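Remarks on the structure that follows.
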Amino acid sequence: NDYEQKVPFFTAYKAGFGSIEADIFLVDNKLIVAHDSVELLKHRTLESLYLIPLLTATQNHYGFVYGDSSKVLQMLIDIKTDSIKTLDKLVSILKSIPELSNNKSIRWVISGNRPDPSLFSSYPSFIHFDGVLSRDYSPEALSRISMMSNDFEYYSGWKGKGPIPASDLKILRAAVQKSHALDK
């Protein structure tokens with residue numbers, strides 16, 4: 001989680017990371033950045049930590065996030081509170097900053113608490129979703145998914161010590177193959 005760095009956003013941005021993640025909570029109609037409710041500090045807003053720096057970056061690079069106009073930054077927004085209310089607030093804020101919402105060099109991907117996939121297409125085209133690899137999606141929902149992930153525990157109980165059991169490795173390889181098939 002980028003916001004736990006000494007300098008959120010800029011450390012990853014200056015290193016040229018292609019994806020930066022921020023966990024958000026909707027609190028008192030503000031989007032607060034934190035990993036869990038214990039860390040909710042009112043001054044860590046999505047706007048101050050990410051949106052204003054992103055806006056500055058695009059202004060410094062003639063509308064692109066990076067000096068290299070071919071690079072795209074994925075902003076992975078992990079919603080920790082109610083999916084619809086929190087996402088609606090995010091969409092409202094992003095719509096008020098067209099330099100970010102209409103920017104082809106930024107991809108806004110929603111993870112964590114997401115609305116039902118049947119609602120994906122009801123969101124503006126700048127909003128994309130992190131799909132769950134173990135779930136089936138309609139073609140319409142798939143068209144709004146830009147990445148697929150899942151909890152490792154869904155596939156294996158391996159805790160990182162010793163070799164991965166052969167049976168778990170087989171399950172993981174099948175998941176990777178499914179993921180590659182979805183890319184085509």
Side-chain angles (χ1 to χ4, degrees), residues 1-27 30-81 86-87 89-91 93-114 123-133 144-153 155 158-161 164 172 175-176 179-180 182-183:
N1 295 314
D2 174 75
Y3 51 86
E4 296 194 1
Q5 300 299 315
K6 282 186 180 181
V7 182
F9 178 73
F10 287 107
T11 303
Y13 174 78
K14 288 183 178 181
F17 281 27
S19 183
I20 298 175
E21 178 184 2
D23 297 341
I24 62 170
F25 289 76
L26 181 61
V27 179
K30 291 182 183 174
L31 295 179
I32 305 299
V33 178
H35 184 65
D36 56 46
S37 58
V38 175
E39 299 173 352
L40 292 175
L41 301 172
K42 299 292 182 191
H43 66 278
R44 289 191 347 176
T45 65
L46 183 68
E47 290 93 331
S48 66
L49 292 181
Y50 295 96
L51 302 185
I52 292 170
L54 263 173
L55 184 58
T56 301
T58 62
Q59 291 167 342
N60 290 339
H61 296 110
Y62 307 100
F64 296 97
V65 173
Y66 293 104
D68 177 351
S69 62
S70 68
K71 289 183 76 173
V72 174
L73 173 64
Q74 173 177 274
M75 283 302 303
L76 187 60
I77 306 296
D78 190 329
I79 295 177
K80 298 291 189 177
T81 47
T86 308
L87 184 51
K89 180 65 176 179
L90 175 64
V91 166
I93 291 169
L94 290 175
K95 280 184 172 181
S96 75
I97 313 171
E99 299 90 342
L100 300 181
S101 60
N102 296 331
N103 194 313
K104 300 299 181 195
S105 67
I106 305 170
R107 177 164 282 204
W108 299 96
V109 179
I110 308 305
S111 65
N113 294 336
R114 289 154 283 204
Y123 289 93
S125 62
F126 63 84
I127 296 292
H128 304 269
F129 296 91
D130 172 18
V132 178
L133 192 54
R144 298 302 296 275
I145 293 173
S146 48
M147 62 183 281
M148 298 288 258
S149 61
N150 213 351
D151 290 332
F152 184 77
E153 292 173 352
Y155 304 100
W158 182 64
K159 300 293 182 199
K161 300 210 186 252
I164 295 177
L172 288 167
V176 168
S179 152
H180 289 301
L182 290 171
D183 285 342

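For clarity, every value in this text was computed on a predicted model and none was experimentally measured. The figures here come from the full heavy-atom set of this structure, side chains too, leaving out hydrogens, waters and symmetry mates.
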Please work out which of the three classes, parallel, tilted or perpendicular, describes the rings of Y13 and F10, given edges at 30° and 60°.
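Ring orientation, 0 to 90° scale: perpendicular.
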Across all chains, not counting sequence neighbours, the side-chain contact (heavy atoms from CB on, under 4.5 Å) partners of D151 are none
Any residue meeting side-chain contact (heavy atoms from CB on, under 4.5 Å) with T56, in chain and number order, not counting sequence neighbours:
I52, N60
If I take atom [atom1] from residue [X] and atom [atom2] from residue [Y], how far apart are they, to the nearest 0.5 angstrom?
X    : Y    : atom1 : atom2 : value
R114 : R144 : CZ    : CZ    : 14.5 Å
K71  : H61  : NZ    : NE2   : 10.0 Å
F17  : F9   : CZ    : CZ    : 12.5 Å
T58  : I106 : OG1   : CD1   : 6.0 Å
K89  : I24  : NZ    : CD1   : 11.0 Å
N113 : D78  : CG    : CG    : 7.5 Å

Heavy-atom count check: over 12 atoms from other residues, nucleotides or ligands less than 6.0 Å from F152 CZ?
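Yes.
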More than 12 foreign heavy atoms under 6.0 Å from CD of Q59: is that the case here?
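More than 12 within 6.0 Å, yes.
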Would you indicate whether the side-chain heavy atoms of [Y] and [X] approach each other to under 4.5 Å?
X    : Y    : result
L31  : L26  : yes
L100 : M75  : no
I77  : Y50  : no
L87  : I110 : yes
K30  : R44  : no
L90  : I79  : no

Please report the C-alpha distance between D23 and D36 in whole Å, then the side-chain angles of each, then the deciding distance to 0.1 Å, and finally whether the side-chain contact (heavy atoms from CB on, under 4.5 Å) criterion is met.
CA-CA 8 Å; D23 297 341; D36 56 46; over 6 Å; no
Please evaluate residues T45 and I32 with respect to the criterion side-chain contact (heavy atoms from CB on, under 4.5 Å), reporting the C-alpha separation (whole Å), side-chain torsions for both, the decisive distance (0.1 Å), and the verdict.
CA-CA 4 Å; T45 65; I32 305 299; 4.0 Å; yes
According to side-chain hydrogen bond (donor to acceptor under 3.5 Å, both in side chains), who are the partners of [X], at least two apart in sequence or on a separate chain?
X    : value
S146 : none
T81  : T86
S19  : Q74

Distance-only check: which donor-acceptor pairs under 3.5 Å involve side-chain atoms of residues 124-132, not counting sequence neighbours?
{"residue": "D130", "atom": "OD1", "partner": "S149", "partner atom": "N", "Å": "3.4"}
{"residue": "D130", "atom": "OD1", "partner": "S149", "partner atom": "OG", "Å": "2.8"}
{"residue": "D130", "atom": "OD2", "partner": "S149", "partner atom": "OG", "Å": "2.8"}

Considering residues at least two apart in sequence or located in another chain, which fulfil the ring-ring contact (aromatic ring centres under 6.0 Å, His included) criterion with Y155?
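For Y155 there are no ring-ring contact (aromatic ring centres under 6.0 Å, His included) partners, ignoring immediate neighbours.
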Contact list for residues 95-104, test side chain to side chain donor-acceptor pair (under 3.5 Å), sequence neighbours left out:
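Passing the test, one end in residues 95-104: N103-S105.
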Looking at V91, is its backbone amide N or carbonyl O close enough to the side chain of W108 to form a donor-acceptor pair, meaning the two atoms are under 3.5 Å apart?
no
Please name the pair of heavy atoms, one in P53 and one in L49, separated by the smallest distance, quoted to 0.1 Å.
CG-O, 3.4 Å
What are the two closest heavy atoms between K159 and E153, and how far apart are they?
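Answer, listing the atom of K159 first, then E153: NZ-OE2, 3.9 Å.
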